[in-house]
2 protein chains.
Amino acid sequence: MKEKDKRAESASCSCNVIHQEVVDQARAAMPKEEILYDLAEVFKVFGDSTRIKLLWALLGQEMCVCDLAVLLQMTPSAVSHQLRILKQARLVKCRKEGKVVHYSLDDAHVQGIIDQGLLHILEV
Amino acid sequence: MKEKDKRAESASCSCNVIHQEVVDQARAAMPKEEILYDLAEVFKVFGDSTRIKLLWALLGQEMCVCDLAVLLQMTPSAVSHQLRILKQARLVKCRKEGKVVHYSLDDAHVQGIIDQGLLHILEV
DNA sequence: CATTCATATGAACACTTGTTCATATGTTGA
DNA sequence: TCAACATATGAACAAGTGTTCATATGAATG
């Protein structure tokens with residue numbers, strides 16, 4: 001189901017053992033639905049190895065679509081599609097220079113997000 | 001395409017404007033494929049608002065399946081399915097106590113990953 | 001103006017994913 | 001042992017996703 005269409009539809013739990021205080025505390029700590037959906041959207045963008053590669057490449061320098069296509073051994077079309085998703089997520093920005101379009105990171109937190117992911121997978 | 005099946009299949013780029021040094025540098029900085037796939041897998045798990053909610057709830061305390069079902073207004077079955085995914089990703093662990101199974105976070109970096117995501121979406 | 005070329009876009013396809021429903025497991029207490 | 005109950009699991013379905021192909025855009029060059 002698409003994130004933005006996910007709203008709490010009625011679906012009651014038939015369990016009897018409910019620790020009400022625990023549920024209440026968790027509910028109190030839960031942020032607005034919108035925040036949760038937006039968070040999921042961001043991580044969804046990171047949840048594809050092609051896009052991770054694109055972001056990783058752009059961590060060091062700006063690159064044009066063609067360079068990225070050569071680097072990842074993909075068609076420029078496929079790269080362009082993914083760059084669009086990254087751009088819509090405000091993770092990359094572009095700069096036109098004649099026919100060539102140079103892409104670069106648009107968010108200082110990209111490194112931070114990847115680093116945190118790395119910490120998890122590299123954990124013993 | 002499933003991450004583990006994604007390998008660099010031949011797909012040459014027809015562009016002529018290739019900045020070789022830029023491509024070379026990006027290639028040198030690129031980590032092993034395995035790392036990139038694992039990274040994407042982790043973020044994929046975070047890329048669903050139901051799982052974000054589950055993780056957020058467990059940030060503060062351990063909770064049983066039924067409590068989580070009540071909190072999120074979902075069936076225990078649906079919650080259990082998602083908890084399995086979180087467990088396989090080594091993000092949560094469980095502790096049995098009679099019929100009740102208590103879930104809690106299994107990774108200190110969950111908070112860090114969510115925080116980094118928040119930094120991005122809350123950015124002006 | 002026509003051509004070339006870098007990039008973008010739309011439709012279509014195979015594949016993946018989250019939820020639901022039905023059912024199974026395993027524990028407790030009668 | 002049986003019933004009740006918390007949780008888990010498998011199959012199935014609708015919906016979403018990444019890639020490909022064909023084609024469009026738009027800038028430079030002759």
Side-chain angles (χ1 to χ4, degrees), chain A residues 1-19 40-41 43-54 63-70 72-89 92 94-103, chain B residues 1-19 40-41 43-54 63-70 72-89 92 94-103:
Chain A
M1 196 188 291
K2 204 161 199 175
E3 284 301 325
K4 65 178 175 183
D5 295 333
K6 266 199 205 172
R7 297 291 124 132
E9 289 132 29
S10 65
S12 62
C13 173
S14 58
C15 304
N16 295 323
V17 181
I18 302 172
H19 309 93
E41 290 298 329
F43 290 124
K44 205 173 285 181
V45 174
F46 279 85
D48 179 83
S49 65
T50 297
R51 291 192 290 265
I52 291 273
K53 288 180 193 173
L54 288 171
M63 293 180 71
C64 70
V65 177
C66 185
D67 289 344
L68 290 166
V70 171
L72 303 193
Q73 301 204 97
M74 294 172 62
T75 63
S77 171
V79 171
S80 181
H81 274 297
Q82 297 301 336
L83 284 172
R84 194 158 76 96
I85 293 173
L86 291 172
K87 201 175 166 199
Q88 284 173 342
V92 305
C94 61
R95 172 179 72 83
K96 272 187 127 175
E97 192 177 15
K99 284 185 295 189
V100 183
V101 180
H102 300 272
Y103 280 84
Chain B
M1 195 188 292
K2 204 160 198 174
E3 286 300 326
K4 66 178 174 184
D5 296 333
K6 267 199 206 171
R7 296 291 124 129
E9 290 133 26
S10 65
S12 63
C13 171
S14 57
C15 303
N16 296 323
V17 183
I18 303 171
H19 308 95
E41 288 300 329
F43 290 124
K44 204 172 285 182
V45 174
F46 280 84
D48 178 82
S49 65
T50 297
R51 290 192 291 265
I52 290 275
K53 287 180 194 174
L54 288 171
M63 293 181 71
C64 70
V65 177
C66 185
D67 289 344
L68 290 166
V70 171
L72 304 193
Q73 303 205 95
M74 294 172 59
T75 63
S77 171
V79 170
S80 181
H81 275 296
Q82 297 302 335
L83 284 172
R84 193 158 75 98
I85 293 173
L86 291 173
K87 200 175 168 199
Q88 284 173 341
V92 305
C94 62
R95 173 178 71 84
K96 271 188 127 173
E97 193 177 15
K99 284 185 294 187
V100 183
V101 179
H102 299 273
Y103 280 84

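Chain A is the first sequence line, chain B the second, and so forth, proteins listed ahead of strands; every chain is numbered from 1.
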J.: Return the nearest nucleotide to the side chain of A/Arg84; candidates are C/dT9, C/dT17, D/dT7.
T.: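 Within the option list, the nearest is C/dT9.
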
J.: In whole angstrom, what separates B/Lys87's NZ from D/dA8's P?
T.: 8 Å

J.: Roughly, in whole Å, what's the span from CG in B/Leu72 to P in C/dT20?
T.: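 Interatomic distance, CG of B/Leu72 to P of C/dT20: 12 Å.
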
J.: Rounded to the Å, how far apart are B/Ile85 CD1 and D/dG10 P?
T.: 13 Å

J.: Verify the contact: side-chain N or O of A/Gln82 to OP1 or OP2 of D/dT19, cut-off strictly under 4.0 Å; return yes or no.
T.: yes

J.: Please report the distance, rounded to the nearest Å, between CG in B/Asp48 and P in C/dT16.
T.: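 So the two atoms are 18 Å apart, to the nearest Å.
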
J.: Which heavy atom of B/Ala40 sits nearest to which heavy atom of A/Ser49, and what is that distance?
T.: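 Looking at all heavy atoms of both residues, the closest pair is CB-N, 3.5 Å.
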
J.: Got A/Leu68 and A/Leu83 here, is their nearest side-chain heavy-atom distance under 4.5 Å?
T.: yes

J.: Tell me whether the side-chain N/O atoms of A/Arg51 come closer than 4.0 Å to OP1 or OP2 in D/dG18.
T.: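 So the side-chain polar atoms of A/Arg51 do come within 4.0 Å of the phosphate oxygens OP1 or OP2 of D/dG18, strictly under.
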
J.: How many Å lie between CG on B/Leu83 and P on C/dG18, as a whole number?
T.: 13 Å

J.: What is the per-nucleotide protein-contact pattern of nucleotides 21-26 of chain C, from the 5' end, where B denotes a base atom under 4.0 Å from a protein heavy atom, S denotes such proximity for sugar-phosphate atoms only, and - denotes neither?
T.: BB---B

J.: Are the side chain of B/Arg51 and the backbone of B/Lys44 linked by a donor-acceptor contact shorter than 3.5 Å?
T.: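 Yes; judged by distance alone, with no hydrogens or angles, the pair exists.
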
J.: Just to verify, which of B/Lys53, B/Met74, B/Met63, B/Arg84 counts as forming a side chain to side chain contact (heavy atoms under 4.5 Å, CB included) with B/Val79?
T.: B/Met74

J.: Only counting residues at least two apart or in another chain, list the ones meeting side chain to side chain contact (heavy atoms under 4.5 Å, CB included) with A/Ser77.
T.: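 Only A/Thr75, A/His81 meet the side chain to side chain contact (heavy atoms under 4.5 Å, CB included) criterion with A/Ser77.
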
J.: Using the closest heavy atom to pick a nucleotide of DNA chain D for each, name whichever of A/Gly47 or A/Glu97 lands nearer the 5' end.
T.: A/Gly47

J.: Could you pull out the closest heavy-atom pair between A/Pro76 and A/Val65, with the gap in Å?
T.: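 Closest approach of A/Pro76 to A/Val65, heavy atoms only: O-CG1, 3.8 Å.
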
J.: When you check the phosphate oxygens OP1 and OP2 of D/dA6, does a side-chain N or O of B/Tyr103 lie under 4.0 Å from one of them?
T.: no

J.: Rounded to whole Å, please give me the gap between CE in B/Met74 and P in C/dG18.
T.: 11 Å

J.: Considering residues at least two apart in sequence or located in another chain, which fulfil the ring pair (Phe, Tyr, Trp, His ring centres under 6.0 Å) criterion with A/Phe46?
T.: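 B/Phe43.
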
J.: Check the distance between D/dG18's P and A/Ile52's CD1 and give it to me in whole angstrom.
T.: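 That distance rounds to 12 Å.
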
J.: Grab the CZ-P distance between B/Arg95 and D/dA8 for me, whole Å please.
T.: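 Distance, rounded to whole Å: 14 Å.
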
